Chemist: 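Below is a structure I'd like to ask you about.
Chain letters run A, B, ... following the sequence lines, proteins first, then strands; residues in each count from 1. Everything numeric in this text was worked out from a predicted model, so none of it was measured.
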Amino acid sequence: MLQPVKTRTSLSGKIPRAVHVSTHLTWKDKAAAAALRSGIGRNKASIKSGLYYAGNPGKDSPVLVTSNYRLTFDAVRKELGGLDVWILVIDTGGINVWCAAGKGSFSASAVIKEIKSSRLSFFAPEGILILPQLSASGVNITVIRRETSFKAVFGPVYARDLKEFIEGGMKKNRKMKKVTFTLKERAVLIPVELVHAWKIIAIFIPVSFMTALPFDGVFLHRFIPMLIFLEISVINGAVLTPLLLPYIPGRFFSVKGLLVNLLWAVLFYLANISVVKNAVLSCISLVLLGTAAASYTAMNFTGCSTFTNQKGTELEVKRSFPLQITSAAAGLLTAVIHGISIIAV
Amino acid sequence: MYSYPLNGKSLELNAQKCTGCGLCTEVCPHEVFAFTDGVRAVHIADSDSCMECGACALNCPVNAIKVNRGVGCAAAVIGSILGKKGECSCDSSTPCC
């Protein structure tokens with residue numbers, strides 16, 4: 001990924017460095033991206049902050065500013081084929097631009113600090129800083145303009161529009177300004193949601209065992225469908241609700257997850273009447289637990305979305321979380337009562 | 001296409017102060033602000049799309065915009081209820097954002 005270093009001796013005798021980057025992603029980059037998307041290798045998710053370059057930039061070439069999250073940096077550099085640009089990487093602790101801006105680590109002072117420590121004025125004294133638009137919730141651009149010698153603009157939301165933006169004289173059209181949340185964008189976020197839900201996925205195995213009792217000749221005919229019902233409930237919240245997000249009724253994500261799972265419960269009941277007709281307590285337990293899980297995992301997707309505000313999310317948690325906990329607790333209790341009643345008999 | 005409860009509820013624009021520089025329309029990712037022909041000041045065209053990220057208020061050079069800025073993440077809200085530290089309960093060691 002990183003290639004020879006561009007160095008020039010400054011007047012002070014110290015040698016500022018800028019590192020060349022390739023604009024092509026290798027299979028290693030792609031594998032690392034897939035792993036990160038699945039929650040693996042998070043400790044290797046950041047790259048060193050500092051000054052990088054693509055092509056052969058000069059003293060008046062544009063300076064792209066970005067975060068040091070590996071996926072962000074890769075998303076930027078792969079769009080830079082044929083361009084001569086500097087890339088100023090800010091230390092955001094391996095967090096992407098938007099989240100880092102929200103948390104305050106991608107700020108005007110962080111950008112100014114990096115401009116100084118990387119000696120940007122030595123390499124690109126006349127370069128215009130192009131900040132990612134989504135850094136604007138953390139970066140006050142007036143402060144950068146006032147406290148450094150650099151001109152600064154907010155560029156497009158997405159790295160894929162950088163080339164058009166630069167070649168078009170740094171003008172943004174409507175498309176470049178707008179955040180989207182397409183099916184593909186929602187889909188890439190799903191693996192991490194499933195990883196987050198592993199505790200729920202795991203606990204549903206012993207729970208299904210309990211609801212499927214007694215341990216008789218047809219135990220597996222109850223256990224397997226019951227386990228499938230619960231695990232699909234997690235899928236309903238963590239996968240199906242995110243994928244179908246705009247098409248499911250309800251404004252709270254928890255309500256969307258709930259609705260999807262109630263539909264699933266009805267379908268499951270109709271398909272398995274022979275299995276569940278004599279297991280009323282088990283059925284109650286399954287619906288309470290599965291629906292709590294679907295609602296909860298769906299609610300967690302608010303953090304991935306591009307359109308939820310904090311006060312609304314607080315309201316959603318305040319209304320939904322106690323119900324989810326109560327439903328899950330009641331479901332567990334019902335499963336235990338069913339288990340005890342079988343063993344006692 | 002998307003909206004969410006309480007979106008844009010805390011967003012306030014002081015049109016008297018607005019100089020019409022248009023920086024808010026440059027930073028808003030949801031086209032909340034718009035200009036009308038012949039009017040200097042910007043106006044709020046779509047507050048229901050406002051996720052209250054705070055980019056407009058932070059960057060407005062004349063402080064004409066107010067909004068309660070925050071991150072709309074249920075995991076962070078639950079994290080803070082459970083006493084985890086930080087604005088967002090996640091840190092760089094966990095696969096959050």
Side-chain angles (χ1 to χ4, degrees), chain A residues 36 38-40 42-43 45-46 92-96 98-104 133-142 153-154 157 172 174 177-179 181 192 195-196 245-246 251-254 299-318 320-321, chain B residues 1-11 21-34 47-63 67-82 86-97:
Chain A
L36 275 175
S38 313
I40 302 163
R42 197 52 234 198
N43 53 344
S46 54
T92 58
I95 304 285
N96 71 60
W98 209 3
C99 286
K103 289 177 181 193
Q133 184 185 317
L134 293 185
S135 72
S137 52
V139 175
N140 183 341
I141 202 165
T142 311
V153 294
F154 282 114
V157 166
K172 280 200 277 188
R174 262 186 83 188
K177 290 182 196 175
K178 215 164 151 57
V179 154
F181 204 36
V192 163
V195 171
H196 278 178
L245 196 66
R251 295 184 83 196
F252 283 145
F253 288 40
S254 53
M299 186 172 79
N300 267 348
F301 200 66
T302 50
C304 293
S305 80
T306 59
F307 59 92
T308 54
N309 73 83
Q310 184 165 337
K311 282 276 175 278
T313 314
E314 284 170 6
L315 183 68
E316 168 157 5
V317 170
K318 198 174 140 193
S320 310
F321 195 48
Chain B
M1 186 172 176
Y2 294 110
S3 76
Y4 189 71
L6 305 186
N7 264 4
K9 277 280 177 290
S10 73
L11 180 66
C21 75
L23 193 50
C24 53
T25 65
E26 288 293 305
V27 298
C28 178
H30 290 297
E31 293 186 316
V32 170
F33 302 97
S47 66
D48 203 35
S49 290
C50 173
M51 58 184 290
E52 308 193 340
C53 71
C56 53
L58 178 66
N59 279 283
C60 177
V62 291
N63 295 321
V67 67
N68 288 331
R69 169 182 179 278
V71 180
C73 172
V77 173
I78 293 170
S80 70
I81 293 171
L82 299 177
E87 180 184 355
C88 193
S89 60
C90 43
D91 58 53
S92 57
S93 64
T94 55
C96 160
C97 34

Chemist: Based on non-hydrogen pairs under 4.5 Å, which of A:Arg251, A:Lys318, A:Lys172, A:Lys311 is most in contact with chain B?
Modeler: A:Arg251

Chemist: Report the C-alpha distance between A:Met299 and B:Ile78 in whole Å, list the side-chain angles of each, state the deciding distance to 0.1 Å, and finish with yes or no for side chain to side chain contact (heavy atoms under 4.5 Å, CB included).
Modeler: CA-CA 11 Å; A:Met299 186 172 79; B:Ile78 293 170; 3.6 Å; yes

Chemist: State, to 0.1 Å, how close A:Thr306 and B:Met51 come at their nearest heavy-atom pair, and which atoms those are.
Modeler: O-SD, 3.0 Å

Chemist: Can you tell me which of B:Ser49, B:Gly54, B:Gly8, B:Cys28 forms the most heavy-atom pairs within a distance under 4.5 Å of chain A?
Modeler: B:Cys28

Chemist: Identify which of A:Gly312, A:Ser254, A:Ser320 forms the greatest number of heavy-atom pairs closer than 4.5 Å to chain B.
Modeler: A:Gly312

Chemist: Heavy-atom distances under 4.5 Å only: say whether A:Phe181 touches chain B with side chain, backbone, both or neither.
Modeler: both

Chemist: With a 4.5 angstrom heavy-atom cut-off, is it the side chain or the backbone of A:Val139 that approaches chain B, or both, or neither?
Modeler: backbone

Chemist: Where is the tightest heavy-atom contact between A:Gly138 and B:Leu58, given as atom of each residue plus distance?
Modeler: C-CD2, 3.4 Å

Chemist: Is there a donor-acceptor pair under 3.5 Å between the side chain of A:Gln133 and the backbone N or O of B:Val27?
Modeler: yes

Chemist: For the residue pair B:Cys53 and A:Ser137, what are the closest heavy atoms and their distance?
Modeler: O-CB, 3.3 Å

Chemist: According to ring-ring contact (aromatic ring centres under 6.0 Å, His included), who are the partners of B:Tyr4, at least two apart in sequence or on a separate chain?
Modeler: A:Phe253

Chemist: Below 4.5 Å from any heavy atom of chain B, which atoms of A:Phe321 appear? Answer side chain, backbone, both or neither.
Modeler: side chain

Chemist: Quick one: OG on B:Ser80 to CD on A:Glu314, what's the gap to the nearest 0.5 Å?
Modeler: 7.0 Å

Chemist: Could you check whether any side-chain N or O of A:Thr142 sits under 3.5 Å from a backbone N or O of B:Pro61, counting only pairs where one atom can act as donor and the other as acceptor?
Modeler: no

Chemist: Hey, is the main chain of B:Glu31 close enough, under 3.5 Å, to the side chain of A:Lys178 for a donor-acceptor pair?
Modeler: no

Chemist: Picking from B:Glu26, B:Glu52, B:Lys9, which has the most non-hydrogen pairs under 4.5 angstrom with chain A?
Modeler: B:Glu26

Chemist: Check A:Thr308 against B:Gly72 and note the closest heavy-atom contact, atom names and distance.
Modeler: OG1-O, 2.8 Å

Chemist: What part of B:Thr25 gets within 4.5 angstrom of chain A, counting heavy atoms only: side chain, backbone, both, or neither?
Modeler: both

Chemist: Using atom types as modelled and distance alone, determine if a side-chain donor or acceptor of B:Asn59 lies under 3.5 Å from a backbone N or O of A:Ile141.
Modeler: yes

Chemist: Non-hydrogen atoms of chain A under 4.5 Å away: do they reach the side chain of B:Cys60, the backbone, both or neither?
Modeler: neither

Chemist: Using modelled atom types and a 3.5 Å cut-off, is there a donor and acceptor pairing between side-chain atoms of A:Asn309 and backbone atoms of B:Pro5?
Modeler: yes

Chemist: Taking all non-hydrogen atoms of both residues into account, name the closest pair between A:Phe307 and B:Ser3 and its distance.
Modeler: CE1-O, 3.7 Å

